[in-house]
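A short worksheet on the structure shown next.
Here is the naming used below: chain letters follow the sequence lines, and residue numbers restart at 1 for every chain. Keep in mind the model is a prediction, meaning the values are calculated, not measured.
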Protein chains: 2
Amino acid sequence: MIYSSELIKGTLKTIVLKLLKTNKRMYGYEITQMVKSLTMDKIQITEGALYPTLHALESEGLVITETEYIGKRVRKYYSLSSDGAKRTEEKVNELADFMNTIKFLLDLEPKTN
Amino acid sequence: MIYSSELIKGTLKTIVLKLLKTNKRMYGYEITQMVKSLTMDKIQITEGALYPTLHALESEGLVITETEYIGKRVRKYYSLSSDGAKRTEEKVNELADFMNTIKFLLDLEPKTN
DNA sequence: GTGTTATACATAAGAAAATTATGTATATTT
DNA sequence: AAATATACATAATTTTCTTATGTATAACAC
């Protein structure tokens, strides 16, 4: 099963921040592959979604970047700024809380009748 | 805390379907109030989001409607069609599964260093 | 050695789904 | 009588994604 795409909406930024917190330093393509493998292919982040998100995080000052060359190929590493670390904490807590709220709603018992 | 609005995205349809399954028959305004109270004000469904969603569910054939008058004021009740009941089952399962996947990602241990 | 797949970035056009704003109207509370 | 709550609806805008496209290098298979 691959989740229908609308579910990912709203969670992508938080997931990216959390991965950067967990792994300290990652590049874009690596993020897509890690999410794919960690979720057993159920979440596939497209490049069209990821790169604009990373650029947004950068322009918000939440991540810092370093460009490296692997042979002739460019690779752009992202890591959290201190603002980003704070923000990650907040967003992860909010999302975790939200998950519990949704779970509660989904577990409501139908009226017996 | 009120969840930042982007989190609701993608879950609204499923939440509405689930509430209709739980309560059999609801009208729009009632849905907004019930979600608000069940979540202790953390999720506030706006009318601009809800009504188009309900109309979409109707045009997809997942819900059926009955209009009633309370005094002179109109009230439109929604309930699941049999297609809607099936679809609700699927979407609730998908969302529950998705929640677990996200929870797993959010619980990853940071690299020790 | 050449064709395919994988790696790695980026952006633009379009679609989907919400927010915000606005509109209409009745009912209830202060 | 005014303010708030109930109850519907839709339009303009914004946000955020998908899909498509583009560029380029590296690795693998045959």
Side-chain angles (χ1 to χ4, degrees), chain A residues 2-17 19 25-37 41-60 62-63 65-78 91 95 98 102, chain B residues 2-17 19 25-37 41-60 62-63 65-78 91 95 98 102:
Chain A
I2 295 173
Y3 300 125
S4 59
S5 56
E6 67 267 21
L7 286 181
I8 318 294
K9 294 193 187 192
T11 63
L12 179 55
K13 217 170 206 171
T14 305
I15 289 171
V16 168
L17 288 171
L19 281 183
R25 191 165 175 277
M26 300 183 80
Y27 55 98
Y29 186 77
E30 188 184 14
I31 292 174
T32 66
Q33 297 308 302
M34 186 170 284
V35 169
K36 192 175 177 222
S37 88
D41 296 9
K42 289 190 283 191
I43 297 179
Q44 310 224 20
I45 299 178
T46 60
E47 295 173 298
L50 180 64
Y51 290 117
T53 296
L54 287 171
H55 299 162
L57 290 173
E58 188 177 11
S59 74
E60 291 168 44
L62 301 182
V63 298
T65 64
E66 294 159 289
T67 297
E68 281 185 20
Y69 279 87
I70 309 298
K72 285 184 178 173
R73 192 157 54 192
V74 75
R75 186 183 281 178
K76 202 162 155 192
Y77 278 96
Y78 291 83
K91 290 199 72 96
L95 182 53
F98 179 72
I102 297 294
Chain B
I2 296 175
Y3 301 125
S4 60
S5 56
E6 67 266 23
L7 285 182
I8 319 293
K9 296 190 187 193
T11 64
L12 180 56
K13 216 170 207 172
T14 305
I15 289 171
V16 168
L17 288 171
L19 281 183
R25 190 163 177 276
M26 300 183 82
Y27 56 97
Y29 187 77
E30 188 185 14
I31 292 174
T32 65
Q33 299 307 304
M34 185 170 284
V35 168
K36 193 175 177 223
S37 89
D41 296 8
K42 289 189 284 191
I43 298 181
Q44 311 225 20
I45 299 179
T46 61
E47 295 174 297
L50 180 64
Y51 290 116
T53 296
L54 287 172
H55 300 161
L57 290 173
E58 188 178 9
S59 75
E60 291 170 43
L62 301 182
V63 298
T65 65
E66 292 159 290
T67 297
E68 280 185 20
Y69 278 87
I70 308 299
K72 285 184 178 174
R73 192 156 55 193
V74 74
R75 188 182 277 177
K76 201 162 155 193
Y77 279 96
Y78 291 83
K91 291 200 71 98
L95 182 52
F98 179 71
I102 297 295

Exercise. So what does A:Gly48 hit on the nucleic acid, given a heavy-atom distance under 4.0 Å: a base, only sugar-phosphate, or nothing?
Worked result: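 Counting heavy atoms under 4.0 Å across all strands, the contact made by A:Gly48 includes a base.
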Problem set entry | Touch class at under 4.0 angstrom, heavy-atom based, for A:Glu47 against every strand present |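 Counting heavy atoms under 4.0 Å across all strands, the contact made by A:Glu47 includes a base.
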Atom pair distance, as rounded to whole Å: [atom1] in [X] and [atom2] in [N]:
X: B:Tyr51; N: D:dA12; atom1: OH; atom2: P; value: 21 Å
X: A:Arg75; N: D:dA26; atom1: CZ; atom2: P; value: 12 Å
X: A:Tyr29; N: D:dA26; atom1: OH; atom2: P; value: 15 Å

Problem set entry | Partners passing salt bridge (charged side-chain N to carboxylate O under 4.0 Å, His left out) against B:Arg73 (at least two apart in sequence or in another chain) |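 Salt bridge (charged side-chain N to carboxylate O under 4.0 Å, His left out) list for B:Arg73, sorted by chain: empty.
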Problem set entry | Test salt bridge (charged side-chain N to carboxylate O under 4.0 Å, His left out) applied to B:Lys36 - qualifying residues, sequence neighbours left out |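 Residues passing salt bridge (charged side-chain N to carboxylate O under 4.0 Å, His left out) with B:Lys36: none at all.
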Exercise. Taking for each residue the nucleotide of DNA chain D with the nearest heavy atom, is it A:Lys72 or A:Ala49 whose nucleotide lies nearer the 5' end?
Worked result: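 First, find each residue's nearest nucleotide; the 5'-ward one identifies A:Ala49.
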Problem set entry | A:Ile70 or A:Leu50, whichever maps to the more 5' nucleotide of DNA chain D |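 Nearer the 5' end of the strand: A:Leu50.
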Exercise. With a 4.5 Å heavy-atom cut-off, do A:Tyr69 and A:Val74 have their side chains touching?
Worked result: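 Yes, their side chains come closer than 4.5 Å.
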Exercise. On DNA chain C, nearest-nucleotide positions of A:Lys76 versus A:Lys9: which is more 5'?
Worked result: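 Closer to the 5' end of DNA chain C: A:Lys76.
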Problem set entry | Contact interval (first through last nucleotide) of DNA chain C with protein chain B, 4.0 Å heavy-atom |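 The protein-touched segment is C:dA18 to C:dA27.
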Problem set entry | Presence of salt bridge, A:Glu66 and A:Arg25, under 4.0 angstrom |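 Looking at A:Glu66 together with A:Arg25, the answer is yes, because their closest N to O distance falls below 4.0 Å.
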Problem set entry | Which atom of A:Met26 lies closest to which atom of A:Leu19, heavy atoms considered |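 Reported closest heavy-atom pair: SD-O, 3.8 Å.
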For this session: Indicate the atoms forming the closest heavy-atom contact of B:Tyr29 with B:Tyr51, along with that distance.
Result: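 Minimum heavy-atom contact is N-OH, 3.8 Å.
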